[in-house]
Amino acid sequence: MMTDKPRPEPPEPYLTFRQAATALNVPYFKIQRAAKLGLIPIYKLLNSRSYVKASEIKELMRSN
């Protein structure tokens with residue numbers, strides 16, 4: 001007997017600043033500046049490269 005459990009949504013991917021800028025069509029330096037000012041959270045995964053989530057940038061863009 002199978003139950004119809006909803007599948008969990010896959011986690012949102014982490015993007016580099018450049019990937020996020022390209023995906024959201026905003027200048028790279030604006031992503032970099034927002035992260036430096038603490039307006040968007042940054043994530044560091046196993047190395048020193050910084051990552052962001054597109055949804056958090058979109059949220060910031062909607063709030064301004």
Side-chain angles (χ1 to χ4, degrees):
M1 180 165 42
M2 293 189 106
T3 60
D4 291 332
K5 291 183 182 178
R7 289 186 178 185
E9 290 187 28
E12 181 179 2
Y14 294 100
L15 305 173
T16 64
F17 291 176
R18 197 156 309 279
Q19 289 170 328
T22 300
L24 299 172
N25 198 29
V26 296
Y28 169 81
F29 76 91
K30 289 193 176 192
I31 304 287
Q32 192 176 33
R33 184 183 300 156
K36 184 176 182 178
L37 293 173
L39 298 174
I40 54 174
I42 58 172
Y43 305 91
K44 296 202 181 231
L45 309 172
L46 302 176
N47 60 15
S48 62
R49 182 175 282 178
S50 297
Y51 296 90
V52 293
K53 291 184 176 181
S55 64
E56 294 169 341
I57 298 169
K58 288 178 187 176
E59 187 178 317
L60 175 64
M61 291 167 61
R62 277 194 297 270
S63 70
N64 286 333

Result block: side-chain N/O donor-acceptor pairs under 3.5 angstrom for residues 55-62, not counting sequence neighbours:
{"from": "S55", "atom 1": "OG", "to": "E12", "atom 2": "OE1", "distance (Å)": "2.7"}
{"from": "S55", "atom 1": "OG", "to": "E12", "atom 2": "OE2", "distance (Å)": "3.2"}
{"from": "E56", "atom 1": "OE1", "to": "Y43", "atom 2": "OH", "distance (Å)": "3.3"}
{"from": "E56", "atom 1": "OE2", "to": "Y43", "atom 2": "OH", "distance (Å)": "2.9"}

Report all side-chain donor-acceptor pairs from residues 13-20 shorter than 3.5 Å, counting only partners two or more places apart or in another chain.
{"from": "T16", "atom 1": "OG1", "to": "Q19", "atom 2": "N", "distance (Å)": "3.1"}
{"from": "T16", "atom 1": "OG1", "to": "Q19", "atom 2": "OE1", "distance (Å)": "3.4"}
{"from": "Q19", "atom 1": "OE1", "to": "T16", "atom 2": "N", "distance (Å)": "2.8"}

Using a 3.5 Å cut-off and no angle test, enumerate the donor-acceptor pairs between side-chain atoms of residues 27-35 and protein atoms at least two apart in sequence or in another chain.
none

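Residues in residues 45-64 take part in no ring pair (Phe, Tyr, Trp, His ring centres under 6.0 Å) pair, two or more places apart or across chains.
T22 meets the side chain to side chain donor-acceptor pair (under 3.5 Å) test with no other residue; sequence neighbours excluded.
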